Amino acid sequence: MLAKRIIPCLDVKDGRVVKGINFINITDAGDPVQCAEEYNNLGADEIVFLDITASHEKRDTICDIVAKTAERVFIPLTVGGGVRSVDDMRKILRSGADKVSVNTSALSNPSLISQCADTFGSQCVVLAVDVKRVAPNTYHAFINGGRIDTGIDAISWIEKAERLGAGEILLTSMDRDGTKEGFDLELTKIVCDMCKIPVIASGGCGSLSHFKDVFDIACADAALAASLFHYGELTIAEVKNYLSDFNIPIRRLN
Amino acid sequence: MIGVIDYGIGNMFSLSNALKYLNIEFVTISDPASLDSVDALILPGVGAFAEGMRNLNRTGMISALRGSKKPLLGICLGMQLLFEESEEFELTKGLGLIPGRIIKITGSVKIPHMGWNQLIIHQDSIITTNISNGSFVYFVHSYKAITSEKHVIATADYESDIVSIVQNGNIYGTQFHPEKSGATGLNILKSFVGGVNC
């Protein structure tokens, strides 16, 4: 049976790992290559690098990090952040990434998704979407780390992105991100029920039971967490042992 | 010496990185003449079946591979190309090195079959000597192989059986990506290279 994936996310700024609570306060938490290698050893099923480097000139740094990681880590690597064109995606894939996520640029230029899917295959193209509830049962896609409301209905946007050829959805609840109150199960379930492609749930995870709920109740295919793992509050092994006790299929290291 | 066949489809980086990490000597080859200089071959590949065959044809590799007696490991699309034909988009002939065909994955499951799934090993093979039954490996594909039981080394369960490791004499194939399957995948690559004495 296909295993539910546990994915640590490394926010990378100017070549260093950081994680801001609600994307506002940022602290330094280490070398991304070593972190990725350590997570691989600890049983992560995939690594996500999110490049939050502001300046466009320094953006090649992430490609170096991916290349160095791909020499030592033999599990899937996903990279996102600031991808604006087919060429951006090509550069990252050529560095050794397996998948690339697009977010802001795809919102203003949805054809980016189909262009990337046509060029590299849907399996490489992840749509990342930052979602906030703006009214009961109404969700909007936000940009700039949750600061700007695009006014675009997040659910229709995800549906459209799947149609355009996205191969996976990375769904972040901006209401929950950094709160440790648990994944937004309602939002995640809506998206998982609608999509035929895999959905990675993100934002709000703070305890073991949150992982169980997002798989059991919301039917997510994968769960992503950052600071929870970075600061050692939970280990990937603890999460997997816990899920295993509830017969949720997870990958064991042999 | 291993020859990794570069026919312009999918990325070669992950496989190259894995072989380097394992200290396995390899060269990338893209023309039939280079086949003589290597002991065994790896055929990687990501993408569509018809495009894969077109690219192999363009480089003159199809007849070279059909005539080659060398051990060969096909990975993902590379495995699918080893079969006789595929129904992806249009019926397309494959290399025909293993009897069988490629069909769309069906059922109520999500497609592509993407993620870590468990190998159910049905018979012994050189390439599974260092892995245990139930090991997890990483898959990304929408089509699957249908072949005779005697060629099936391992399957995975995804509502239906997914043929995951195949063998026909010294022709091997993995539907999953050993170069992305952690220690288990690296062991499979090591076993292939060790087993065919390169």
Side-chain angles (χ1 to χ4, degrees), chain A residues 1-7 39-47 63 66-78 90 92-99 117-124 126 162 167-169 192 195-200 219-222 240 249-254, chain B residues 9-22 45-48 51-52 76-77 105 107-120 130-142 156-159 162 176-190:
Chain A
M1 198 190 280
L2 198 63
K4 299 289 188 182
R5 286 170 282 155
I6 305 296
I7 306 175
Y39 278 131
N40 172 48
N41 296 337
L42 292 171
D45 297 312
E46 193 168 322
I47 306 283
C63 291
V66 172
K68 288 194 183 105
T69 306
E71 285 170 10
R72 285 147 66 169
V73 175
F74 301 100
I75 60 173
L77 301 175
T78 302
R90 180 177 290 118
I92 297 170
L93 290 172
R94 289 189 76 87
S95 307
D98 300 282
K99 304 184 231 180
D118 289 346
T119 312
F120 310 110
S122 286
Q123 82 286 344
C124 294
V126 180
E162 179 173 1
E168 190 167 45
I169 304 294
C192 291
C195 286
K196 291 180 194 71
I197 54 177
V199 177
I200 304 170
C219 306
D221 299 281
K240 289 194 169 181
I250 47 96
R251 163 190 170 239
R252 292 258 178 215
L253 295 179
N254 285 304
Chain B
I9 187 156
N11 83 51
M12 308 280 292
F13 304 101
S14 307
L15 181 62
S16 303
N17 277 330
L19 295 175
K20 274 181 209 154
Y21 184 83
L22 293 169
V46 174
E51 198 198 344
C76 195
L77 176 67
I105 297 171
S108 60
V109 286
K110 287 189 177 181
I111 293 176
H113 173 220
M114 180 163 84
W116 296 85
N117 208 333
Q118 232 169 344
L119 291 176
I120 305 159
N130 290 312
I131 62 165
S132 43
N133 195 31
S135 297
F136 281 90
V137 288
Y138 190 77
F139 291 86
V140 185
H141 63 119
S142 303
D157 173 25
Y158 195 53
E159 204 173 273
I162 302 288
F176 54 88
H177 288 273
E179 75 281 15
K180 281 288 156 187
S181 296
T184 300
L186 296 177
N187 276 331
I188 289 171
L189 289 173
K190 213 158 61 181

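Just so it is clear, the model here is predicted, and its values are computed rather than measured. Per chain, numbering begins at 1; letters A, B, ... match sequence-line order. When reading the values below, keep in mind they use all heavy atoms of this one structure, side chains included, and skip hydrogens, waters and symmetry mates.
Between chain A and the residues B:Phe139, B:Trp116, B:Tyr158, B:Tyr21, the largest count of heavy-atom pairs under 4.5 Å involves B:Trp116. Chain B forms the most heavy-atom pairs under 4.5 Å with one residue out of A:Cys195, A:Ala222, A:Pro76, A:Ala3, and that residue is A:Pro76.
How far CG of A:Asp45 is from OH of B:Tyr138: 9.5 Å, rounded to the nearest 0.5 Å. A distance of 12.5 Å separates NZ of A:Lys196 from OG of B:Ser108, quoted to the nearest 0.5 Å. Here the straight-line distance linking atom NE2 of B:His177 with atom CG of A:Asp98 works out to 8.0 Å at 0.5 Å rounding. Distance check: A:Glu71 CD to B:Lys20 NZ gives 6.5 Å after rounding to the nearest 0.5 Å. Atom CE of A:Met1 and atom CD of B:Glu159 lie 10.5 Å apart (nearest 0.5 Å).
Heavy-atom minimum distance, B:Ile111 versus A:Ile197: O-CG2, 4.5 Å. Minimum interatomic distance between B:Gly115 and A:Leu2 (heavy atoms only, all atoms of both residues): C-CD1, 3.8 Å.
Shown here are the side-chain hydrogen bond (donor to acceptor under 3.5 Å, both in side chains) partners of A:Lys68, two or more places apart in sequence or in another chain: there are none. Take A:Arg5 and apply the salt bridge (charged side-chain N to carboxylate O under 4.0 Å, His left out) test, not counting sequence neighbours, and it matches A:Glu46, A:Glu168.
In this structure, the portion of B:His113 lying under 4.5 Å from any heavy atom of chain A is its side chain and not its backbone. At a 4.5 Å heavy-atom cutoff, the contact between B:Lys110 and chain A is made by backbone and side-chain atoms alike. Using a 4.5 Å cut-off between heavy atoms, B:Leu186 contacts chain A through its side chain alone, with no backbone atom that close. Heavy-atom distances place no part of B:Ala156 under 4.5 Å from chain A, backbone and side chain included. Using a 4.5 Å cut-off between heavy atoms, A:Asn40 makes no contact with chain B at all.
A distance-only check finds a donor-acceptor pair linking the side chain of B:Lys180 to the backbone of A:Ile75 [under 3.5 Å].
Residues A:Phe74 and B:Asn17 form a side-chain contact, since some pair of their non-hydrogen atoms from C-beta on lies under 4.5 Å apart.
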